[in-house]
Each structure stands twice: as C-alpha cells, then as structure tokens.
Asks: 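To start, I am sharing the structure in question, which I have written as structure tokens.
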Amino acid sequence: MVKFIISNGAKFLAKKTLGTSQQTLKVASRSVTTLTETLMAQVPEKQKSLLALKKEHGSKVIGEVTIDQCIGGARGVKCMLWETSNLDANEGIRFRGLTIPECQKVLPTFAGTPGDGEPLLESLLWLLLTSEIPTKEQVDSLTKDLHERSKLPEHVVPLLNSLPKDMHPMTQFSIGLNAAQAQSKFAKAYSEGVHKSEYHKYALEDILDVIAILPEIAATIYRNVYHDGVVKKDLDLDYSGNFCRMLGYDDKSFDELMRLYLCIHTDHEGGNASAHTTHLVGSTLSDPYLSYSAGLNALAGPLHGLANQEVLKWIQELSAKFQAEGKEVNAETITEFAWETLNAGKVIPGYGHAVLRKTDPRYTCQREFALKHMPDDELFKIVDTIYSVMPGILTEHGKTANPYPNVDSHSGVLLWHYGFTQYQYYTVLFGVSRAVGALSQLYWDRALGLPLERPKSVTPEWLAAQVK
C-alpha cells in the first residue's frame with residue numbers, strides 16, 4: 001500500500017496553487033524516496049516515448065531557417081531538445097512548466113513550508129531533473145547527499161592556492177573544476193567499457209558530484225583573492241546557506257538572497273551560450289566535469305555572464321555624476337542621463353533580451369525581494385526609478401526590440417547591499433547556479449541517448465547562390 005501513496009500535502013498544495021493548468025507536472029511519490037530511484041523509474045518510459053515520436057513523426061518539419069538566422073547567431077532556430085525549461089518571449093521562463101512565482105509557492109524552503117522564504121536550490125534541482133515537486137523530506141535527503149559528495153580531491157585546493165590572485169575568478173573556477181575531473185565516475189566507467197545503456201547512471205553520479213563540489217571551489221577562490229584564504233563550512237545548513245558560510249557571510253537575509261539568486265539563474269532553456277556549450281561538449285561523451293567546465297568558459301564571456309557587473313558600474317557612475325552635480329535622483333534627471341547615454345551611441349545595460357519581449361520575471365522577483373528586505377537602499381531606489389522611466393525612453397528611441405529590464409538589471413545591486421562588492425566575482429555565483437540547469441539536461445541527454453551534435457554549416461558563397 002505504501003508504495004502507491006502520494007504526498008498528500010504536496011499534492012494538495014500543488015493543486016490549490018496551480019489548479020489544473022500544469023497537468024503534466026507530477027508530485028513526488030512517497031514510493032520513491034531518493035532522487036536516483038525517482039529518475040531510474042522514469043527513464044524507460046521517457047526513452048520509449050521519444051523513440052515513438054522519432055519513429056512516427058521524424059520527418060515532420062517544425063520550422064525554417066532564414067539567411068538572417070544563419071548569419072545572426074541562429075536566433076530562433078528550433079533545432080535543440082531541452083527538457084528542463086522553456087522560455088516564452090511574452091511570459092518568461094518556466095521551469096518544468098512552472099513560472100518563478102509558482103515555484104516560490106510550491107517548492108520547499110529552509111523554513112520547511114512552501115512560500116515561507118525562497119525555495120531551496122535542492123528543491124529546484126529535484127524539479128528540473130524529475131519534473132516532480134519534491135517533499136521537504138526528499139529535499140533534505142538530497143541536501144545530505146550533496147554534502148556527503150562535497151569533499152574535493154586533495155590536489156584541488158593546493159592548486160587553487162597556487163594561482164595568481166590577479167587571475168580572473170572565472171579562469172580559476174574553470175581550472176578548479178577541470179582539476180577535480182580526475183575523480184570522474186563517468187570517465188572511469190567509459191574507459192572500462194560500460195554499455196551505453198548505462199551511461200546515464202554514471203553521468204548522474206558525476207552531475208551530483210560536480211554540483212556538490214562547486215561551492216567549495218568557488219568559495220576558495222573568493223577567500224583567496226579577496227580575504228584570508230580560510231573557508232569554513234556549516235553542513236547543518238542547506239546548499240545555499242553553507243555556501244554563504246564558506247564565502248564568509250553569516251546573515252539569514254543574505255542566505256535568502258543566495259537561495260533566490262541561485263534558483264533564478266539555474267536555467268534559461270538550452271540556447272544560451274553556457275547551457276548550449278555544456279550540451280554540445282557533453283554530446284561528444286566528455287564527462288560532466290569537462291562539459292560544464294566548457295560551459296563556464298562560455299559564461300565568462302562579456303556578452304553572457306558579465307552583464308550584471310556592467311549594470312552595477314553604470315548605476316554607480318550615474319549616482320556619482322548626480323552627486324557631483326548636486327542633482328537629485330528622480331525620473332527627470334534619469335531621463336536626461338539616459339538620453340545622453342543613448343545619443344552618445346552607448347547602450348543602457350540591463351535592458352533588452354535576445355528572446356524576451358516583456359519584463360524578465362527574474363527581474364521582478366528580485367525587485368520584490370528588495371522591496372521586502374531593503375526598501376530604503378539608495379542603489380535600489382535608483383534601479384526602481386530607472387525601471388519607471390526606461391521602457392518609455394527605449395520605446396521612443398526605437399532601436400530596442402525589448403525595452404524592459406532583464407535579470408542583470410537588479411542582481412548586482414542586491415549583492416552590493418549586503419557588502420558583496422567584488423563584482424568581478426559575480427559571474428562565479430552565476431556559474432554555481434547554472435550548473436544545476438545545464439547538468440540536469442545533460443543527465444537526460446545521456447538517459448535518452450541523444451547523439452553527437454553536428455549541425456550543417458554553409459559557406460558565404462552557398463548563401464549567395466540561394467538568392468540568385
């Protein structure tokens with residue numbers, strides 16, 4: 001009887017909060033208490049379903065490619081399978097069908113009750129991997145498992161300690177994860193000839209190990225570069241809370257911010273550079289360590305993961321200019337400054353998105369956090385005033401497809417409020433988070449037996465010939 005019982009509390013809460021619109025979302029069953037058991041039970045049916053889809057409808061056309069798309073970064077080309085999230089231009093991100101506010105209402109928190117604080121990263125990891133809403137008991141078991149996996153190979157910390165302090169933190173992060181690859185269970189199993197039907201089991205082991213060790217690698221870099229090199233843990237806390245202690249922060253409000261920050265940066269469907277790179281490298285059967293290290297190198301690019309620090313710098317420059325000129329921060333003065341920026345041929349950082357055509361829900365939830373925890377912060381007031389006028393300015397300017405703020409428009413200001421002022425390090429935080437989304441998909445890449453990614457390239461001459 002027990003193995004058929006569904007968690008009544010989670011089931012009731014999901015139905016009460018989400019209604020019946022998310023019919024494909026399943027609530028975690030008491031019959032399967034561990035993450036691994038849950039996934040192993042799902043794999044055969046998902047393999048069967050995808051095989052049937054390919055067999056019956058493999059030749060169906062789902063889109064076309066224009067010359068603009070071919071030479072413009074493949075924007076909007078539908079050619080990549082991604083399980084864990086979907087980004088709608090007008091709605092924003094959904095994690096396994098759930099919006100960010102819905103996740104905040106149903107996923108377990110550190111306090112235990114969904115909605116009482118920000119969701120635990122472990123609860124979102126469970127959701128992304130399984131498509132199920134976990135119980136608090138299951139989340140706690142996952143936290144315990146990640147803590148048990150978190151010990152770094154003995155050579156990694158001495159290696160990190162030997163790196164120059166002026167080396168960019170993201171470079172160090174990639175080095176640290178690559179160094180830990182020596183313990184890859186997937187690579188070992190592959191070298192020993194494991195059957196391809198078993199790949200996903202060893203990939204899962206590596207994925208959980210990588211997610212588990214990333215905080216200590218990241219914290220060691222932070223403490224080495226900016227402080228005394230000492231990293232202290234608190235394994236009585238959750239993943240995010242323990243990460244905060246390793247960084248040297250002991251503030252329950254900052255713990256909540258870290259939970260929010262890590263959750264909302266996990267996944268943004270598969271086309272973004274870090275997620276796509278992880279998927280591409282993983283398709284060669286590189287293990288999850290090497291695959292996600294490649295993803296980190298993509299994240300380090302100025303057009304991807306560095307945007308939040310650019311926004312913060314712009315806001316601080318605005319504030320300093322106004323103070324020097326004796327101006328107040330209000331809608332009128334910010335409008336004037338914005339037009340000066342645009343007329344000089346510069347962009348307004350933190351606004352616009354390659355896919356979204358509305359305010360990024362990840363911006364909205366950060367704004368709500370600020371209104372709750374830091375409503376009188378001066379930088380937040382500037383951000384909020386900018387938000388009140390900037391969409392209208394950019395619409396009038398006419399050169400921005402999306403005149404609304406994105407996730408980067410707010411995150412740096414929140415971190416700065418808590419004294420986390422080393423903005424060159426902010427992308428490392430992003431990297432800790434993005435592992436959860438990119439590696440959750442990498443598990444399903446191996447479980448579904450997805451092949452080596454190999455799109456067809458064309459020459460400029462071939463393109464020119466198509467229009468003659």
Side-chain angles (χ1 to χ4, degrees), residues 60-82 84-94 265 267-284 294-311 314 341-363 390-391 393-409 427 430 434 437-438 441 445 450-468:
K60 181 174 176 59
V61 177
I62 60 173
E64 61 179 12
V65 180
T66 66
I67 290 177
D68 261 349
Q69 290 173 310
C70 183
I71 64 179
R75 296 289 173 88
V77 177
K78 298 177 179 66
C79 61
M80 187 177 184
L81 186 64
W82 201 259
T84 52
S85 66
N86 183 62
L87 181 60
D88 181 86
N90 296 308
E91 189 177 58
I93 192 66
R94 282 185 177 270
H265 286 82
D267 208 25
H268 219 225
E269 72 173 29
N272 67 80
S274 54
H276 188 191
T277 300
T278 303
H279 166 80
L280 172 62
V281 175
S283 79
T284 71
L296 287 175
N297 291 335
L299 189 64
L303 294 183
H304 189 13
L306 298 187
N308 58 4
Q309 68 187 55
E310 296 301 318
V311 175
W314 186 80
T341 301
L342 293 169
N343 290 334
K346 301 176 182 178
V347 299
I348 305 293
Y351 280 73
H353 191 274
V355 178
L356 284 170
R357 295 298 176 263
K358 61 165 283 184
T359 298
D360 192 332
R362 299 173 300 171
Y363 171 92
M390 197 60 68
I393 294 170
L394 293 173
T395 299
E396 183 180 346
H397 188 244
K399 295 184 179 180
T400 304
N402 173 23
Y404 300 103
N406 57 49
V407 66
D408 301 309
S409 190
T427 311
F430 196 163
R434 183 50 56 91
Q441 177 58 42
D445 291 348
L450 298 188
L452 175 69
E453 185 174 298
R454 187 23 173 114
K456 178 72 177 80
S457 63
V458 297
T459 66
E461 292 78 13
W462 185 91
L463 280 182
Q466 306 312 301
V467 297
K468 288 182 179 179

Asks: Can you confirm whether the side chains of His279 and Gln441 place a donor and an acceptor under 3.5 Å from each other?
Replies: no
Asks: Any donor-acceptor pair under 3.5 Å linking the side chain of Gln69 with the backbone of Arg75?
Replies: yes
Asks: Only counting residues at least two apart or in another chain, list the ones meeting ring-ring contact (aromatic ring centres under 6.0 Å, His included) with His265.
Replies: Tyr261, Phe430
Asks: Quick one: closest heavy-atom pair of Asp267 and Ala438, and the distance?
Replies: OD1-N, 4.3 Å
Asks: Take His304 and Arg434, measure what side-chain contact (heavy atoms from CB on, under 4.5 Å) needs, and give me the verdict at the end.
Replies: CA-CA 12 Å; His304 189 13; Arg434 183 50 56 91; 4.1 Å; yes
Asks: Roughly how far apart are Ile93 CD1 and Asp88 CG, rounded to 0.5 Å?
Replies: 9.5 Å
Asks: Let me confirm one number: the CG-CG distance from Asn402 to Leu394, rounded to the nearest 0.5 Å.
Replies: 9.0 Å
Asks: Who pairs with Tyr351 by ring-ring contact (aromatic ring centres under 6.0 Å, His included), at least two apart in sequence or on another chain?
Replies: none
Asks: Nearest 0.5 Å please: distance from the OG1 atom of Thr341 over to the NZ atom of Lys346.
Replies: 6.5 Å
Asks: If I compare all heavy atoms of Trp314 with all of Met390, which pair ends up nearest, and what's the gap?
Replies: CH2-CE, 4.2 Å
Asks: Using every non-hydrogen atom in the two residues, find where Cys70 and Val65 come nearest and quote the distance to one decimal.
Replies: N-CG1, 4.4 Å
Asks: To the nearest 0.5 Å, what is the distance between NE2 (His397) and CG (Leu342)?
Replies: 4.5 Å
Asks: Identify the heavy atoms of Ala298 and Ala273 that sit nearest to each other, and give their distance.
Replies: CB-O, 3.7 Å
Asks: What's the separation between atom CG in Leu452 and atom CZ in Arg454, rounded to the nearest 0.5 Å?
Replies: 8.5 Å
Asks: Calculate, to the nearest 0.5 Å, the distance between atoms CG and OG1 belonging to Leu296 and Thr277 respectively.
Replies: 10.0 Å
Asks: Could you walk me through whether Glu310 and Asp408 pass the side-chain contact (heavy atoms from CB on, under 4.5 Å) check?
Replies: CA-CA 9 Å; Glu310 296 301 318; Asp408 301 309; over 6 Å; no
Asks: Is Ile393 close to Ile348 at the side-chain level, that is, under 4.5 Å between some pair of heavy atoms?
Replies: no
Asks: Could you tell me whether the side chains of Asp68 and Thr66 share a donor-acceptor contact shorter than 3.5 Å?
Replies: no
Asks: In this structure, are over 12 heavy atoms from other groups packed under 6.0 Å from Gln466 atom CD?
Replies: yes
